[in-house]
Amino acid sequence: QVQLVESGGGLVQAGGSLRLSCTISGRDFSRSTVGWFRQAPGKEREFVAAIFRYGDNTYAADSVKGRFTITKNNNKNTVYLEMTNLKAEDTAVYYCATGLRIILSALSTTSAYDYWGQGTQVTVSS
């Protein structure tokens, strides 16, 4: 059974930082592509960042480039999302997701991912 457990969300002031963690079990972590998505109230779920299974290349949405960094620790089966210079518009529930057969062009597509975590709330106060 594949499980994703997110942690690290919370309340932070604008300009602050948070680190989200996503620990994955029940899957060959080294062969998995992992992505972070977020969903604000009344909005669709949107892509934030992903780390591709081949070569550990990383990708990020334009809205977070230069502020958010995705990394992973294979020994801990964990992917991290380091978020800096947070803005009020970053407020959302953040989800991690994983897939084994995701192609590069589908990294930002929610339907490409097989399993999802429960989400963690990030609130940025202005």
Side-chain angles (χ1 to χ4, degrees):
Q1 182 179 1
V2 180
Q3 288 189 319
L4 292 80
V5 179
E6 299 119 332
S7 61
L11 173 65
V12 64
Q13 289 187 335
S17 301
L18 281 176
R19 187 178 78 160
L20 305 184
S21 300
C22 173
T23 301
I24 301 172
S25 59
R27 166 156 289 185
D28 185 348
F29 184 78
S30 64
R31 296 175 54 218
S32 299
T33 293
V34 181
W36 284 97
F37 291 76
R38 67 186 181 186
Q39 189 166 18
K43 294 188 176 181
E44 292 187 355
R45 192 167 298 189
E46 65 173 3
F47 171 74
V48 175
I51 187 161
F52 196 52
R53 65 186 187 278
Y54 295 129
D56 291 347
N57 293 325
T58 62
Y59 302 86
D62 288 342
S63 58
V64 305
K65 277 181 182 176
R67 300 189 299 122
F68 291 12
T69 304
I70 185 170
T71 60
K72 72 175 184 178
N73 183 325
N74 285 329
N75 292 329
K76 295 184 177 181
N77 283 11
T78 299
V79 172
Y80 304 98
L81 185 68
E82 299 273 1
M83 306 185 294
T84 63
N85 191 22
L86 283 160
K87 305 175 181 180
E89 52 263 42
D90 294 319
T91 295
V93 178
Y94 283 70
Y95 300 89
C96 65
T98 187
L100 283 178
R101 299 177 181 85
I102 300 173
I103 60 176
L104 197 57
S105 60
L107 271 183
S108 62
T109 305
T110 56
S111 60
Y113 292 79
D114 301 313
Y115 294 94
W116 293 78
Q118 81 285 354
T120 185
Q121 176 71 46
V122 171
T123 303
V124 184
S125 62
S126 57

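A donor-acceptor contact shorter than 3.5 Å links the side chain of Glu6 to the backbone of Cys96. Not one N or O on the side chain of Arg27 forms a donor-acceptor pair closer than 3.5 Å with the backbone of Val2.
Residue Asn57 holds its CG atom at 8.5 Å from CD1 of Ile51, rounded to the nearest 0.5 Å. In this structure, the separation between CD1 on Ile102 and OG1 on Thr109 is 9.0 Å, given to the nearest 0.5 Å. Atoms CG and CG, from Leu18 and Leu11 in turn, are 9.0 Å apart once rounded to the nearest 0.5 Å. Atom OG1 of Thr58 sits about 10.5 Å away from atom CG of Leu107, to the nearest 0.5 Å. Between atom OH of residue Tyr115 and atom OG1 of residue Thr98 there is a gap of 9.5 Å, rounded to the nearest 0.5 Å. With rounding to the nearest 0.5 angstrom, the CZ atom of Arg19 is 10.5 Å from the CG atom of Leu81.
Minimum heavy-atom separation, Asn73 to Asn75: OD1-N, 2.9 Å. Taking both residues in full, the closest heavy atoms of Thr91 and Ala40 are given as O-CB, 3.7 Å, listed atom of the first, atom of the second, then distance. The minimum heavy-atom distance between Phe52 and Ile103, with the atom names listed, is CE1-C, 4.2 Å. Among all heavy-atom pairs drawn from Ala61 and Phe47, the shortest one is CB-O, 3.5 Å. For the residue pair Leu100 and Asp28, the shortest heavy atom distance occurs at CD2-O, 4.4 Å. For the pair Ser126 and Ala14, the tightest heavy-atom approach, listed with the atom from each and the gap, is CA-CB, 4.2 Å.
Note: the hydrophobic cluster containing Val124 does not contain Val93 (ILVMFWY, side chain heavy atoms under 4.5 Å, direct or indirect links). Under a hydrophobic-cluster definition in which Ile, Leu, Val, Met, Phe, Trp and Tyr are linked whenever side-chain heavy atoms come within less than 4.5 Å, directly or via other members, Leu86 and Tyr95 are assigned to different clusters. Transitive grouping of hydrophobic side chains (ILVMFWY, heavy atoms separated by less than 4.5 Å) keeps Leu20 and Tyr80 in distinct clusters.
Looking only at side-chain heavy atoms (C-beta outward), Arg53 and Ser32 stay at 4.5 Å or farther from each other. Residues Val122 and Asp90 have side chains not in contact (no heavy-atom distance under 4.5 Å, counting atoms from C-beta outward).
Thr84 and Glu82 share no side-chain donor-acceptor pair at under 3.5 Å.
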Trace of the side chain to side chain contact (heavy atoms under 4.5 Å, CB included) decision for Val79 with Phe29: CA-CA 10 Å; Val79 172; Phe29 184 78; 3.7 Å; yes
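Screening Lys87, Met83, Arg38 for a side-chain contact (heavy atoms from CB on, under 4.5 Å) with Val64, the sole residue that qualifies is Arg38.
Taking the six-membered ring for Trp and thresholds of 30 and 60 degrees, Phe37 and Tyr113 have ring planes more than 60 degrees apart, a perpendicular arrangement.
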